[in-house]
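So that the names make sense, note that chain A is the first sequence line, chain B the second, and so on, each numbered from 1.
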Protein chains: 2
Amino acid sequence: MDYPLKTPGQLGAVLKGFRRERKLTQAAVGAAVGLPQNAISQIEAAPDHSSLARVFKVLAALELEVVVRPRQPGKGAAW
Amino acid sequence: MDYPLKTPGQLGAVLKGFRRERKLTQAAVGAAVGLPQNAISQIEAAPDHSSLARVFKVLAALELEVVVRPRQPGKGAAW
DNA sequence: AGATATTATCTTGTTTAAGTGATAAAACGA
DNA sequence: TCGTTTTATCACTTAAACAAGATAATATCT
């Protein structure tokens with residue numbers, strides 16, 4: 001399954017989920033991309049006012065990629 | 001097909017592609033989400049330093065959604 | 001080529017995130 | 001519970017995005 005996101009907040013939650021799934025701490029992710037721990041915290045909690053640059057750094061650290069596609073009617077969040 | 005993105009720049013290009021596909025001008029997209037034309041221009045050209053809030057506004061205007069998923073080895077850009 | 005429509009670039013002031021460090025709060029394990 | 005690890009919050013300075021408007025550059029069409 002995949003997780004269609006329509007808001008920044010949802011993205012933060014997904015990032016957090018993937019990070020925990022990989023058993024990584026915020027500090028570990030930050031170290032991997034050159035960001036302090038509190039930066040990762042902010043991205044997960046309030047991503048709407050984070051830059052794409054920051055977000056993509058975290059995506060890289062978690063070995064994630066992003067797909068943009070037309071909204072598929074009726075297909076809401078998968079959880 | 002889908003378009004796995006690994007950098008902010010790729011996202012900008014994809015947004016531009018979808019917009020043109022829908023025959024919308026930057027001004028039209030901007031008007032739909034309360035942003036000036038030049039803001040859309042910046043998001044498409046240099047999205048790395050745009051906030052998620054802005055990007056998701058544009059995604060909404062173009063009726064797009066985002067999927068985050070583990071990177072799939074070997075599967076590069078689809079174009 | 002000329003006119004129009006679209007997009008990119010520039011300016012200025014205001015607001016806000018980035019960045020770093022420290023600390024408080026919370027979660028977890030022994 | 002106590003100690004430890006992890007996460008959230010606070011403070012401060014610097015740098016940059018945001019916003020609005022104007023203008024320049026580019027593309028598009030006849």
Side-chain angles (χ1 to χ4, degrees), chain A residues 3 5-66 68-71 77-79, chain B residues 3 5-66 68-71 77-79:
Chain A
Y3 306 88
L5 312 175
K6 298 186 178 65
T7 68
Q10 292 171 336
L11 176 55
V14 167
L15 289 180
K16 186 167 195 169
F18 274 111
R19 178 177 60 80
R20 307 195 80 161
E21 188 174 297
R22 281 153 210 228
K23 303 197 196 308
L24 294 172
T25 66
Q26 293 178 342
V29 172
V33 297
L35 293 175
Q37 172 265 322
N38 59 15
I40 311 300
S41 176
Q42 296 224 13
I43 291 172
E44 291 181 354
D48 48 322
H49 290 296
S50 294
S51 69
L52 277 187
R54 277 196 156 190
V55 172
F56 270 84
K57 281 183 183 176
V58 173
L59 289 171
L62 297 177
E63 300 179 89
L64 300 173
E65 67 187 14
V66 166
V68 174
R69 68 184 188 195
R71 290 192 177 182
W79 65 97
Chain B
Y3 306 90
L5 312 175
K6 297 185 179 63
T7 68
Q10 292 171 338
L11 177 55
V14 166
L15 289 180
K16 186 167 194 169
F18 275 111
R19 178 177 59 80
R20 307 194 81 159
E21 189 175 296
R22 282 152 210 228
K23 303 198 196 307
L24 294 172
T25 66
Q26 293 178 342
V29 172
V33 297
L35 293 174
Q37 172 265 324
N38 58 17
I40 311 299
S41 176
Q42 297 229 12
I43 292 173
E44 290 181 355
D48 48 322
H49 290 296
S50 294
S51 68
L52 278 187
R54 275 195 160 190
V55 172
F56 270 85
K57 280 184 183 176
V58 173
L59 289 171
L62 297 177
E63 299 180 270
L64 300 173
E65 66 186 14
V66 166
V68 174
R69 68 185 187 194
R71 291 192 177 181
W79 64 97

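Rounding to the nearest 0.5 Å places NZ of A:Lys16 at 13.0 Å from CD1 of A:Ile43. Note that CG of A:Leu59 is 5.5 Å distant from CG of A:Leu15, once rounded to the nearest 0.5 Å. In this structure, CG in A:Leu64 is found 11.0 Å from CZ in B:Arg69, a value given to the nearest 0.5 Å.
With D:dC18, C:dT7, C:dT20 as the choices, the nucleotide that has an atom nearest any side-chain atom of A:Pro36 turns out to be C:dT20.
Rounded to whole angstrom, the span from the NZ atom of B:Lys57 across to the P atom of D:dA17 amounts to 17 Å. One atom, CD of B:Gln42, and another, C1' of C:dT6, lie 16 Å apart when rounded to the nearest Å. One atom, CG of A:Leu35, and another, P of C:dA18, lie 9 Å apart when rounded to the nearest Å. Regarding B:Arg54, its CZ atom lies at a distance of 13 Å from the P atom of C:dA17, rounded to whole Å. In this structure, B:Asp48 places its CG atom 11 Å from P of D:dC18, rounding to the nearest Å. Separating the CG atom of B:Asn38 from the C1' atom of C:dT9 is a distance of 9 Å, rounded to the nearest angstrom. If you measure from atom CG of B:Leu52 to atom P of D:dC18, you get 11 Å, rounded to the nearest angstrom. Nucleotide C:dA26 holds its P atom 18 Å from the CD atom of A:Glu44, rounded to whole Å.
The phosphate of D:dA8 has OP1 or OP2 within less than 4.0 Å of a side-chain N or O from A:Lys16. Considering only side-chain N and O atoms, B:Ser51 lies under 4.0 angstrom from the phosphate OP1 or OP2 of D:dC18. OP1 and OP2 of C:dT6 both lie 4.0 Å or more from every side-chain N or O belonging to B:Arg20. The side chain of A:His49 places an N or O atom within less than 4.0 Å of a non-bridging phosphate oxygen (OP1 or OP2) of C:dA17.
Across all non-hydrogen atoms, the minimal contact from B:Val29 to B:Arg19 is CG2-CD, 3.7 Å.
Across all strands shown, B:Ser41 has heavy atoms under 4.0 Å from base atoms, whether or not it also approaches the sugar-phosphate.
Taking 4.0 Å as the cut-off between side-chain N and carboxylate O, A:Lys6 and B:Glu65 count as a salt-bridged pair.
A donor-acceptor contact under 3.5 Å is not formed by the side chain of B:Gln26 with the base of C:dA8.
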